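One structure is given below, encoded as structure tokens.
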Amino acid sequence: MRWAATALGLFLAGLCLQLAGAPEWSWWALYLACYATGGWEPALAGLQALREKTLDVDLLMVLAAIGAASIGEITDGALLIVIFATSGALEALATARTEDSVRGLLNLAPDTATVVTAAGAEQVRPASELEVGDEVLIRPGERVPADGAVLSGASAVDQATITGEPIPADVSAGSEVFAGTLNGTGSLRVWVSRRAEDSVVARIAALVEQAGRTKARTQLFIEKVEQRYSLGMVAATVALFAIPLLFGSELRESLLRAMTFMIVASPCAVVLATMPPLLAAIANAGRHGVLVKSAVVMEQLGTTTKVAFDKTGTLTRGTPEVAEVRALDAGWSRDELLRIAAAAEKPSEHPLATAVVRAAELAELSLPPAVDFAALPGRGVTARVDGRLVEIGAAPAEFEVEAGCTAVLVRRDGEPIGLLSISDEPRPEAPAAVAATRELTSDPVLLTGDTAAGASRLAEHVGITDVRAGLLPDQKLGEVDQLRSDGHRVAFVGDGINDAPAMAGAHAGIAMGGAGSDLTLQAADAIIVRDDLTAIPAVVELSRRAHRVVTANLVIAGTFIAVLVTWDLVGHLPLPLGVAGHEGSTILVALNGLRLLRRTAWKSA
């Protein structure tokens, strides 16, 4: 990144001096320094490829830049160097950050654990040294140090990082817990069932790395033909120089014709035909809250044929909300029931309690004070409100609520007085975004770790018919792989750590930026910064529009190259005219691509 930034700075300084009419030597010196700082790495990569008997566009671009400087067109050559240096640096930076995030994922589990010995003593050990069969004590607010089964105690454990469930899971003896998840208000004794390197969170990190390695290397459209074009151009340049010499032509004339050919046939215009539209589309998307990480990603997004959505935090807000307040006693109004429940729940830190208090605040209810508050892990809370005992906890099975909702029963002095239905509410724009996505691609699919009931309720609301629920991270990746095997080019949209493997394995991974984890944001190819789902179909359509502009530009650039090359081969193309034609086509395609910077391009998308 430093070399690329230096090359860009030198180029801009040289351009300013050139436009200001400074002495020629001054801006030539800056451009040559730009060549050196930005060109050494692609030149080295090109030479290494040449050693392996391949000719890539890196070396060809360096040669074209040198050729441009040799005939006085050093500005164009420096611009080409800057484009290639910046592209390579961004790719390297993205790779390094993803590797850092994978390492960071393993730090979710705590460094130490409290081990209970056979004699009942407590010892603090490194979590990495826990063995299968160890008994560990997990206090309120601590993270679980290893995968295991609860031996005793009860609590609510936030497992969203693993399962995607928005509401903490109530655990008690026999329940399974996972390393890196957050314990609630109760104490737990847990029997360790897996070593640290075999935990679910470690397997997620391994899946991300594996998916990144096995994911097919993607290329820009023009890169797919670079080998043949590069070889053909070099061979033709050498032949155009050598053959006339064999038949007695003068050295200067042969060299001039070959140099003219190399300039007019060089893929500078072709590269600029491709990059400006894609970079303009990236900039336009960025202005509207979508961070697309590279030109390759922008091109890939337009090829999407199937979009897979996560549920919690993606199609939904990711936080519990009170969906319904139902009085079981005719003497209680909705507001009075909510007021009593929120007063009792206010001292609690449980996410469900937070949802109840938030609902009361939105209704602008005045809450009476609560005394004698007690939190009963796994069972709810009790408190005295207005001098009466209020109990709030999970509702028995006979109290039915809407599918996918959590039922909370409110009692006063032992008598049931009301029922609260709590769910993870859909984002308001989700149905429109899903409908627009369907029009552009095909029927989307919902891949979630949530329960089937909750997933089906949401799917019905947003308009998704293909629902696959109860999926762990490796199963989500498996579903994405299956969709790819069926011939789809899959874009996966998610936000949690449990979504990172599926993102890495999809053709394009899209992360919700508002609450996305570090690993998810780095594994993703694009980030919806403002959490607006309607940006997903918009950026797909913008990508397709960019592809159409690229195709038009390639036709323009190819036509110019064909005409100029033919003129040089069968006639005598003056070098200044060849340069003018080459530069004219470059400017034309660059301006055509920059049309995608306009705000109307996003609006129409």
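This one's a predicted model, so the numbers in the text were calculated from it and none came from an experiment. Values reported hereafter were calculated over all heavy atoms of this structure, with side chains retained and with hydrogens, waters and symmetry mates removed.
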Is a side-chain donor or acceptor of [X] paired with a backbone partner of [Y] at a separation under 3.5 angstrom?
{"X": "S543", "Y": "M298", "value": "yes"}
{"X": "E299", "Y": "V296", "value": "no"}
{"X": "D147", "Y": "A179", "value": "yes"}
{"X": "R544", "Y": "V539", "value": "no"}
{"X": "D134", "Y": "L130", "value": "no"}
{"X": "D424", "Y": "P320", "value": "no"}
{"X": "D486", "Y": "H488", "value": "no"}

Exercise. Does the side chain of R545 come under 3.5 Å of the side chain of S604 through a donor N or O and an acceptor N or O?
Worked result: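 There is such a pair (donor and acceptor under 3.5 Å, judged by atom type) between the side chains of R545 and S604.
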Exercise. Using a distance-only test with no angle check, is there a side-chain donor-acceptor pair under 3.5 angstrom linking T534 and D532?
Worked result: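 Looking only at side-chain atoms, D532 and T534 do form a donor-acceptor pair, the distance falling under 3.5 Å.
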So if I apply the side-chain contact (heavy atoms from CB on, under 4.5 Å) rule between [X] and each of [options], which one comes out positive?
{"X": "V408", "options": "V356, V322, L420, L419", "result": "L420"}
{"X": "L301", "options": "I510, D525, L542", "result": "I510"}
{"X": "R489", "options": "R484, H507, K306", "result": "H507"}

Run the salt-bridge test on [X] and [Y] with the 4.0 Å N-O cut-off and return the result as yes or no.
{"X": "E336", "Y": "R339", "result": "yes"}
{"X": "E122", "Y": "R189", "result": "no"}
{"X": "R358", "Y": "E321", "result": "yes"}
{"X": "R468", "Y": "D466", "result": "yes"}

Problem set entry | L328 to P416 - nearest heavy-atom pair and separation |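 Looks like CD1-CB, 4.1 Å.
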For this session: Please name the pair of heavy atoms, one in D170 and one in S175, separated by the smallest distance, quoted to 0.1 Å.
Result: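 That closest heavy-atom pairing would be O-OG, 4.4 Å.
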Within the structure provided, determine whether [X] and [Y] are in side-chain contact (heavy-atom separation under 4.5 Å).
{"X": "F492", "Y": "L447", "result": "yes"}
{"X": "K476", "Y": "D310", "result": "yes"}
{"X": "V192", "Y": "E135", "result": "no"}
{"X": "V136", "Y": "V116", "result": "no"}
{"X": "W332", "Y": "L338", "result": "no"}
{"X": "P140", "Y": "S155", "result": "no"}
{"X": "R194", "Y": "V132", "result": "no"}
{"X": "I536", "Y": "I528", "result": "yes"}

Distance, nearest 0.5 Å, that separates [atom1] of [X] from [atom2] of [Y]:
{"X": "L440", "Y": "T304", "atom1": "CG", "atom2": "OG1", "result": "9.5 Å"}
{"X": "E364", "Y": "D335", "atom1": "CD", "atom2": "CG", "result": "10.5 Å"}
{"X": "R412", "Y": "R384", "atom1": "CZ", "atom2": "CZ", "result": "11.5 Å"}
{"X": "R139", "Y": "L188", "atom1": "CZ", "atom2": "CG", "result": "12.0 Å"}
{"X": "D474", "Y": "E479", "atom1": "CG", "atom2": "CD", "result": "11.0 Å"}
{"X": "F309", "Y": "I464", "atom1": "CZ", "atom2": "CD1", "result": "6.0 Å"}

Exercise. Is the CD atom of E460 crowded by more than 12 outside heavy atoms at less than 6.0 Å?
Worked result: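 No, CD of E460 has 12 or fewer neighbouring heavy atoms, counting only those of other groups under 6.0 Å.
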Give every donor-acceptor pair under 3.5 Å between a side-chain atom in residues 425-436 and any protein atom, sequence neighbours left out.
from, atom 1, to, atom 2, distance (Å)
E425, OE2, S423, OG, 2.6
R427, NE, T314, O, 2.8
R427, NE, T316, O, 3.3
R427, NH2, G313, O, 2.9
E429, OE2, L533, N, 3.2

